[in-house]
Each structure stands twice: as structure tokens, then as C-alpha cells.
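The structure appears right after this line, and notes come after that.
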Amino acid sequence: MNTSNSTFVRTEMLPQKAPPITEAGAVKWMRENLFSSPLNVLLTVLGVGAVAYLVLHIAPWLSRSVWNAASLTECRQIIEARYGEGATGACWAVIRERWPQYLFGFYPQHLYWRPVLAFVLLCVAVAPVLFDKLPRKMLWFSLIYPAVGFWLLWGGSVWVPVAALAGFAIGYVAAQVVKPLAGTILATIAAVVTPVLWWLFLAGPAADAVHSVLPIALESVRSREFGGFILAFTIGFTGIAFSLPLGVMLALGRQSDMFIVNKLSVGFIEFIRGVPLITLLFTASLLLNYFLPPGTDFDIILRVIIMVVLFAAAYIAEVIRGGLAALPRGQYEAADALGLDYWKAQRLIIMPQALKISIPGIVSTFIGLFKDTTLVVFVGLLDPLKGITDAVRASTDWKGIYWEPYIFVGTIFFIFCFGMSRYSMYLESKLKTDHR
Amino acid sequence: MKKSVFLGTLAATTLFAGMALAQGTSTLDTVKARGELNCGVNTGLVGFAAPDANGNWQGFDVALCKAVAAAIFGDASKVVYIPTTSADRFEQLTSGKIDFLIRNTTWTFSRDTDLKMDFVGVNYYDGQGFMVRKDLGVSSAKELNGATICIQTGTTTELNLADYFKANNLTYTAVPVETNAEGEQQYLAGACDAYTTDASGLAATRAAFADPDNHIILPEIISKEPLGPAVRHGDSAWGDVIRWTMNALIAAEEFGITSANIDELATSSQNPEVQRLLGSSTDNLGAMLGLDAGWAKNAIKASGNYGEIFAATIGESTPIGLARGLNAQWTQGGLLYTPPFR
């Protein structure tokens, strides 16, 4: 262009002008996102109004917090002395004073180190499951952790959890012995039946026998002494850990061609999903007492855990079935074409893909399960939200306190549930292999 | 066919064996063999049963648990406190999870007969009352026509309220609440003009307000709420243990036996009934109950006599500040009147 000497052709670029004020920066963002139409203007105004109203009401109350007081009356006196007659404020002193009770319930005070240690070890046991960069050998500790955790929390003879663990080893050995003799199906049956027989009839006497020779025991703590977050965590984490494998089994059972397995799975899942959790908990705590011989002390927390596991497993089974249904048929056929047997095909090809698809649903179920642990208050266990809070409120010092315990317990639950949710998003993005 | 018959028989046998055992063996023997008393208490009610910061249960009802444990074992600490909710308390008792129930439970006809419980006495005479804000300008429940009233659902108080307003030709709007804490909150937030529940509960609630002077409890008591311990139907021997332990605490107050002078009175008292009660006479009352001779002495020593327990947990010197009222000795114009120890 420069070769032609046309004078009307501009030879240099004009400098860029700043965009109009309505098309840049915060103003543009607000125009596009907050005030793009009359309806949106209205909604924005209402929304900002609502937020402002809440903040104006809650912020002063929160800003007048009291952390050191022995009773609600003292709290009120401190607030009035500081901020004048008639001022109201948050009295967090109740959390400070009852902190051990919120965490441990009535767990004996000199044994607080045991749940704390159990929690630390839980983190160690869960870490390799959550993050695959950690050494795989740590998974062995994760596998025996349920027994370790049980022993630390409840105490008693060390040989009881050891005998329980031995059941799994026995099942594995039985499967290995039967498999070359009678095939996969019988081996599977042997792997299920022998440990159950061991737990029912031999584990108790065996544990007693070894204990009489080599007594190693911790002071035992009864389930009635559990309460607060230690109870919520015990039920929640045990429920999560056991409901996933059970849910996988149920999902596979529902997909199975074997008539009995299929119908049992369908019946179980539909029954459990059709009944409210509260009903199951009442059944566990009250109805069973009529059927068991009097004097049978079938641990209440164990019963609740069993019910919670069954309940969550039924939901997880359906979530995983969704994942299985989403897999293209070619994946199953490819596994068959490679000559893999059923379990190998499931383990190597089907489940990794189905579980990946199901992650959001599974984590939702886990979060629901964790929050549902507060329902145990209805069977007389002291959950942190209502059980412990009611007990705290029933003392003459703290009667009349209302919001602070709820806010505190809600915050703790939020931290854990939000953590689970963020982890599931991290896992999803890490496992993403498609290019959508 | 054979299999189902077999399974049916098995189930029936288990069930009946369980029921037979539950009713056949005496609770007293079971408790003695266990070495601990399972006491069903409230999950938390100010002054009556509540755990402190260290997890030790305290309160008016709890004191009776301690007294019974002391009467049986001579040791007031051998109690397992089992918190029961208003929904599951009777089930806990009939299923045998607790040995007796002491949970502010009103003794009513249908509970005694239809629910198969035995109430063995009354440890607190309560009644339903109303609390209103002072600036409402109301001085009698009869002036509450057209008021909104906060009321706990599913309790006898709800039915009493309906009865009372109907009988007096008044109207009201009920604001249902689930728990006492919620009721307090609703009342303070102005969702209702009046809050109604047991008078003892009202007093405790009012005492916890930031401005108790701005609220008054109306003089009318509109119902009878005799609260007392209950045991399972059909085990009278066990019922006797609870009943007479409670009576011993009441009688101790009548005779002036306190935790301070009990050891002295046990040896020096010339009153034959006191001697019988404290096991220092030759009549062994304890043996008739299946307990030691010193049963009543131990029970009274656990937390003092009825009056001492009342004063320490819910009496006028505590924040709850309940007057003795109906719960005074019969000699003081109250209703406490224990049969003779003879």
C-alpha cells in the first residue's frame, strides 16, 4: 500500500481508544450480570437488600461475641457492661466450656488420647486411598485400620479385633483352596461362608482363648459413653467405608443374570429405599430387643452402624447401577473378548469406568449419610447437634442459649461436607480422560 | 412347607422364651447380678436431669436413681444413666433396656393401664401454667381470650389447653413448637402472646431470660401433672423397691433425718419408726424388700432426704427457684404423705 503515493491513505495505525465506560471493567460486568433487563434489575435490588438486611442483623450480634464466661447470665452481664444496656451478643463461652463434651460426649476424660490417636491414624489410613501419589504400601495399614480404630475407641482385649480381621484372611485362604478344585462360583461362596461361620462360632472363643494366654487389653469404654462428634465421625466414617463395597456388590447383584442373586438384590434395595432411615433406627434400637433374648447386650452403636451401612449401601447401589448402565455395551464385550473372567472384567474394565461416572452421586450419598448421623438422637444417643446441645442447655448455667450451639455444630459439619464435595470435584477432574 | 413350619416355630419359641424370661425373672435379681442400675432419665431438663461439663448427671430425678442404687448396692455411683426421649421412653422400659423410668412422666390412667406400666408413686406434683409478657396487661388466664399460645405438640399439655379453653368458653390460636428451647425462642421472638407448659418448666425458663422481670407466670394451674417413677407391669417386688426407697426419702424429711445427722440418729434416736427405717431396730425391713438392713440409710445418705434434694436441685436457692407448694410435707400443707414404715 505504501508504494502508491495516495495521500488519503493513512500510513500509521490510530492509537487504541479506551472502550466506552459502559463496555469495560466493573460497569460492564455489572451491566451484563446484574442489570441486563428490568427483571434482573429488580432481582438484584431485592438480593442486595436481603443480604444487607441479614448482615445488618447478624454482624452486630457476632461482633459482640463473648468467649470467656461461666454462664449465660455472666455472658449477658459482660455484654451489657461493654456495649451498654440492652445490647445482645453471641455467647461462645458455652462452646469453650463444653468443648470436650461436644467432641467426646461422655468418653472418660483420662482416655481422650485414644479417640484423638484414632482420628490421627484415620487420616493416615485414608490418605493413600484419597491420593494415589502416596506409597501404595500404606494401603495395608488402611485395610487393618478398622480393627485398630475399633480397639482404640472401645478398648477391651486386642484379640477381639484381631480375630475379626482373621476372618478375612480365612475367607481369602478358603477361596484360594477351593478355586482350583471347584471353580470360581464355589470359591466365591466359600469366601463368603467361611468367614461368617468363623465370626459366628469360632472368633469369640478363639479371642478369649488367646487372651487368657496373652492378655493385652485397653480399658474398655461403653457405647453409652460415646457422644458428640466422636459419635458422628464413628458412625459416619464406618458407614462410608462399609457402604461403598456393599453398594458395589448390590449393584452387581442387581445386574446379575442369576435369578436368586438378582431378586435378593432388587428386593433388598427397594425395601431399604422405601423405608425412612428413622424407621430403621427405631427398629435397631427398640424392636430388636423384643426378639433377642433378654440380657443380650447387642451394642447400640453397632446396631445403628449396621442400619446406616445398609441404608447408604442401597442408595449407592442405585448410583453405581446408573454408572454401569452408562457404559457402552462394547466395554463388556471387549472384556469378554480378552478372555477375562467375571471378577477380572469387573475389576479391570467395568468398575473403574462405572465408578468414575458415579463419583458425584456416591459423594452426595456420603455427605447425606454423614449428616444423617445426627438422627441417632432419636434412639437416645447423644449426637452433637441436638443430643449434646439439649444436654448443655439443660444445665442451669446455659439454659436459654439457642443459636450458638447450632451455629457451631453446623460449621463443623459444613467444613467436613464441603471438604468431601471439593475432593470429589478434584477427583473428577483428575480422572477426566475424554476431550469434551 | 416343613421348612416354613420349622422357621415359624423357631421364631415363636424365641419370642415367647424372650417374653417369659423378661417377665419371669425379677428385675431386682437381674439388677443385683448386673451390679449396676439402668436408670432411664430425661435427655436434659433443667434441674431434673442434666449432665454437667464433666459428664456427671445431676438433678432432682437423678437423685432418686442414686438413692435406689445406694439402697440396692450401698453405692450411689453404680448407676448407668440412659437418656430417653419422650418418644421412646416407654419402649425403652417395656423392652428391658432400662430398669425403671424417672423422666418427668405424668401418671395417667391410660399409661398405667393400657401402656402396661406401673407408676409407683409421685416424686413431683406439677401442673400446667401460662407465662405472658408483663406489658400484655393480663393477670389471669381467663383474660387470654383470642390469644396466640405456644404449645409443645404431642404432649398432655396440648390436650389440657384445649380442655381449659373450651370449658371457659374462650378461643385461642395455637403456635405448635417441638421442644422447650424452641418454645422459648418463639415466645421471646413474639410469635405468641403466651407460653404454656408445666409450671416447673415455666419457672426454669423464665429464670433463664435476660429480663425475667418483664414476664409473669399467671396464677392459674389448669391441670394435674403428677410426675413419678414407673416400672414394668407385673414385677411388684421391683416396684416395691422403688416405691419404698422414694418413701424413705420423704419419711426422712418428715422425721428430720438429714444427710448430716443420719449416722448420729441411727444409733441414738429413740423414735421406733426412725429406728426401723434406719435399720437399727430388730425388725429387718430391708429383708422384706430383698435388700440389706441398711438400705434406707444408704438411700438417704446418697443425696440427702427429699427436702435436701429439692433444695439442692430445684428449690428456692437455685436459679430455678421453685417453691415447695404442693410438694411440701403433709404437715406443712403439701401432699407428701408416706405410709408408715412398720
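These values consider heavy atoms only, across backbone and side chains, with no hydrogens, waters or symmetry-generated copies.
Contact of B:Phe209 with chain A is made through the backbone alone, with heavy-atom distances under 4.5 Å. Contact of A:Trp403 with chain B is made through the side chain alone, with heavy-atom distances under 4.5 Å. Interface remark: B:Gln58 contributes no atoms to any contact with chain A (heavy atom separation under 4.5 Å). For a residue to count as touching a neighbouring chain, one of its non-hydrogen atoms must lie under 4.5 Å from one of that chain's; by this rule A:Arg98 touches chain B with the side chain only. Of the atoms belonging to A:Tyr107, not a single heavy atom falls under 4.5 Å from chain B. Proximity to chain B is limited to the backbone of A:Val379, based on heavy atoms less than 4.5 angstrom apart.
With a 6.0 Å radius and a threshold of 12 heavy atoms from other residues, nucleotides or ligands, A:Leu56 has its CG atom above the threshold. No more than 12 heavy atoms of other residues, nucleotides or ligands sit less than 6.0 Å from atom NZ of A:Lys371. Around CZ of A:Phe271, the count of heavy atoms belonging to other residues, nucleotides or ligands within 6.0 Å does not exceed 12. Other residues, nucleotides and ligands place no more than 12 heavy atoms under 6.0 Å from the CH2 atom of A:Trp99. The environment of CZ in A:Phe268 is crowded: more than 12 heavy-atom neighbours from other residues, nucleotides or ligands sit within 6.0 Å.
The two residues B:Gly44 and A:Ala394 make their nearest non-hydrogen contact at C-CB, 3.2 Å. Contact between B:Ala50 and A:Ala391 at its shortest, heavy atoms only, is CB-O, 4.4 Å.
Looking at A:Thr396 and B:Thr318, their side chains never come closer than 4.5 Å, going by heavy atoms from C-beta outward. Contact of the A:Lys386 side chain with the B:Thr43 side chain is not registered, since no non-hydrogen atoms from C-beta on lie closer than 4.5 Å. Counting heavy atoms from C-beta outward, A:Lys399 and B:Leu45 have side chains that stay 4.5 Å or more apart. Counting only heavy atoms from C-beta outward, the side chains of B:Asn54 and A:Gln101 never approach each other to under 4.5 Å. Counting heavy atoms from C-beta outward, B:Tyr81 and A:Arg224 have side chains that stay 4.5 Å or more apart.
Top candidate by heavy-atom pairs under 4.5 Å with chain A, chosen from B:Ser95, B:Ala207, B:Ala204, B:Pro83, is B:Ser95. Ranking B:Pro51, B:Gly96, B:Gly55 against chain A, the residue ahead of the rest is B:Pro51, based on heavy-atom pairs under 4.5 Å. Interface check for chain B: of the options A:Glu225, A:Glu80, A:Gln109, the most heavy-atom pairs under 4.5 Å are formed by A:Gln109. The candidate with the highest count of non-hydrogen atom pairs below 4.5 Å against chain A, out of B:Ile82, B:Asp211, B:Asn56, is B:Ile82. Ranked by heavy-atom pairs under 4.5 Å with chain A, the list B:Asp52, B:Thr30, B:Thr84 is led by B:Asp52.
Here B:Gln92 contributes atom CD and A:Ser285 contributes atom OG; the two are 6.0 Å apart, rounded to the nearest 0.5 Å. Taken to the nearest 0.5 Å, the CD atom of B:Glu91 stands 9.0 Å off from the CZ atom of A:Phe282.
The residues A:Arg393 and B:Glu184 are annotated as not salt-bridged, no charged nitrogen and carboxylate oxygen being separated by less than 4.0 angstrom.
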